[in-house]
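Working notes, structure below.
Lettering follows sequence order; numbering is per chain, from 1.
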2 protein chains.
Amino acid sequence: MARPSAALRGRILDSSRRLFSERGYEATSLQEIASDVGCSKAALLYHFKNKDALLAELLTPVGQRLAELLEKVAPLDGEELVRTTVNDLVNSALEYRLEIRLLFEDLPRLPARPELNLLPDSTERLLDCLTGRSRDPRARVAASMVLAGVALTVSARDEAPVGGDGSDADLRHGLVEAALRALGQDL
Amino acid sequence: MARPSAALRGRILDSSRRLFSERGYEATSLQEIASDVGCSKAALLYHFKNKDALLAELLTPVGQRLAELLEKVAPLDGEELVRTTVNDLVNSALEYRLEIRLLFEDLPRLPARPELNLLPDSTERLLDCLTGRSRDPRARVAASMVLAGVALTVSARDEAPVGGDGSDADLRHGLVEAALRALGQDL
DNA sequence: GTCAGTGCTGACCGATCGGTCAGGTTACGG
DNA sequence: CCGTAACCTGACCGATCGGTCAGCACTGAC
């Protein structure tokens with residue numbers, strides 16, 4: 001076949017997202033992705049300049065989502081700021097379960113990634129919102145715990161994720177409630 | 001020199017702990033460790049059967065610590081159970097900052113590790129303790145968030161860790177308080 | 001003194017890594 | 001019906017991976 005599937009590109013992205021998330025970026029070889037997709041490694045590198053480009057394309061939407069979130073909550077403050085941030089954070093995390101793992105576990109370890117260096121700054125701003133822009137060190141620690149906890153919990157690898165029956169509703173509400181409690185917002 | 005330093009073994013462990021934690025297990029090569037220590041790769045493999053053995057030896061103490069923690073809180077229940085578990089969890093996490101990263105981020109991704117398969121079970125029991133042995137799905141979600149949040153926060157890579165000035169006291173107390181709030185324990 | 005054994009090195013191994021390249025096959029515009 | 005460009009393959013590259021091995025330097029026991 002000749003022009004059979006530019007859809008292959010999409011399938012490569014899907015496989016990469018899954019495999020990177022399961023095994024980690026470094027631990028996943030291009031050959032493994034190619035085998036999973038059912039194409040040659042060369043085909044893979046025809047669609048993506050290199051392994052890095054693959055990762056970047058997977059993470060871009062998450063970065064955008066984060067930017068939107070920050071923009072949306074920028075004018076808010078006080079209790080409304082915290083509640084909105086927590087809600088959106090949990091929703092975003094659930095939406096990008098697989099990418100979150102990459103973002104939290106692999107990215108920080110890869111040698112300084114020039115185009116994504118806005119990320120530490122975004123994380124900082126996110127922490128600010130979670131504290132309701134408080135500078136209290138302990139509030140920041142709590143925010144850090146919440147952020148990391150939400151991220152890692154939604155991306156927990158084993159099926160029957162963490163809630164008993166595994167319903168997303170329990171996961172979502174459980175996280176929001178626990179996060180708000182941790183941040184000192186009375187429910 | 002002939003019998004100059006069985007201390008080399010310890011230095012290898014130190015470097016491995018640091019490098020594994022910074023870059024990840026898969027992403028760290030034996031050569032990098034050897035260079036960091038200042039010995040040959042062969043010397044490294046003289047002291048440790050293989051790369052896996054190195055990782056196992058780093059994680060064993062953490063596993064023991066976790067087992068102790070679980071044994072200690074086993075007879076407790078109710079509020080005392082939760083408070084003691086949270087306190088000990090935070091202390092243990094602070095004590096094994098670097099190893100925690102490996103445990104939470106690398107281990108789950110490595111192909112099934114026979115000798116450490118007790119770990120998922122231990123995690124499960126730890127979650128039980130954090131919920132005060134409740135079976136409520138949302139309580140388990142909260143416990144999962146706390147566990148992941150504590151682990152990832154103490155092992156945050158960038159210096160000036162997460163608290164403003166970075167004092168361990170703020171980190172410790174901030175985490176304990178936030179965790180207890182998240183778990184619904186009134187302070 | 002010598003000899004067994006510990007601690008270590010450099011050279012080397014096959015496998016696999018990310019990535020390149022020449023070329024083949026098909027689809028489509030002219 | 002032909003040419004160009006898109007899509008893809010297999011063969012190949014140098015580098016590096018985890019790991020092995022023969023042998024050297026030195027120590028302590030006898």
* Asked: Are A:Lys51 and A:Tyr25 in a cation-pi setup, meaning NZ or CZ lies under 6.0 angstrom from the ring centre and within 45 degrees of the ring axis?
  ->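 Here A:Lys51 passes the 6.0 Å and 45° test against A:Tyr25.
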Between [X] ([atom1]) and [N] ([atom2]), how many Å, whole number?
{"X": "B:Tyr46", "N": "D:dA25", "atom1": "OH", "atom2": "C1'", "value": "13 Å"}
{"X": "B:Leu44", "N": "C:dG7", "atom1": "CG", "atom2": "P", "value": "15 Å"}
{"X": "B:Lys41", "N": "D:dG19", "atom1": "NZ", "atom2": "P", "value": "9 Å"}
{"X": "B:Leu55", "N": "D:dG18", "atom1": "CG", "atom2": "P", "value": "13 Å"}
{"X": "A:Phe48", "N": "C:dG18", "atom1": "CZ", "atom2": "C1'", "value": "16 Å"}
{"X": "A:Glu32", "N": "C:dA15", "atom1": "CD", "atom2": "C1'", "value": "14 Å"}
{"X": "A:Leu8", "N": "C:dT26", "atom1": "CG", "atom2": "P", "value": "17 Å"}
{"X": "B:Arg11", "N": "C:dG7", "atom1": "CZ", "atom2": "C1'", "value": "13 Å"}

* **Side-chain H-bond candidate by donor/acceptor type, B:Thr60 with B:Gln64, under 3.5 Å** =>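 Result is no, nothing qualifies.
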* Identify which nucleotide among C:dC21, D:dG19, C:dC8 has an atom closest to any side-chain atom of A:Ala42, counting heavy atoms from C-beta outward. =>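 Selected nucleotide (nearest to the side chain): C:dC21.
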* State which of C:dG19, D:dG19, C:dT9 makes the closest approach to the side chain of B:Lys51. =>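 Of all the options, the side chain of B:Lys51 is nearest to D:dG19.
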* Would you say D:dC8 has OP1 or OP2 under 4.0 Å from some side-chain N or O of A:His47? -> yes
Main chain of [Y], side chain of [X]: is a donor-acceptor contact present, judged purely on distance under 3.5 Å?
{"X": "B:Arg138", "Y": "A:Gly174", "answer": "no"}
{"X": "B:Asp36", "Y": "B:Ser15", "answer": "no"}
{"X": "A:Thr131", "Y": "A:Asp128", "answer": "yes"}

* **Residue list, salt bridge (Lys or Arg N to Asp or Glu O under 4.0 Å) with B:Glu32, at least two apart or on another chain** => B:Arg23
* Residues in salt bridge (Lys or Arg N to Asp or Glu O under 4.0 Å) contact with B:Glu68, at least two apart in sequence or another chain -> none
* Kindly state which residues belonging to residues 16-31 of chain A come within less than 4.0 angstrom of DNA chain D, counting heavy atoms of the residue only, listed by number. => none
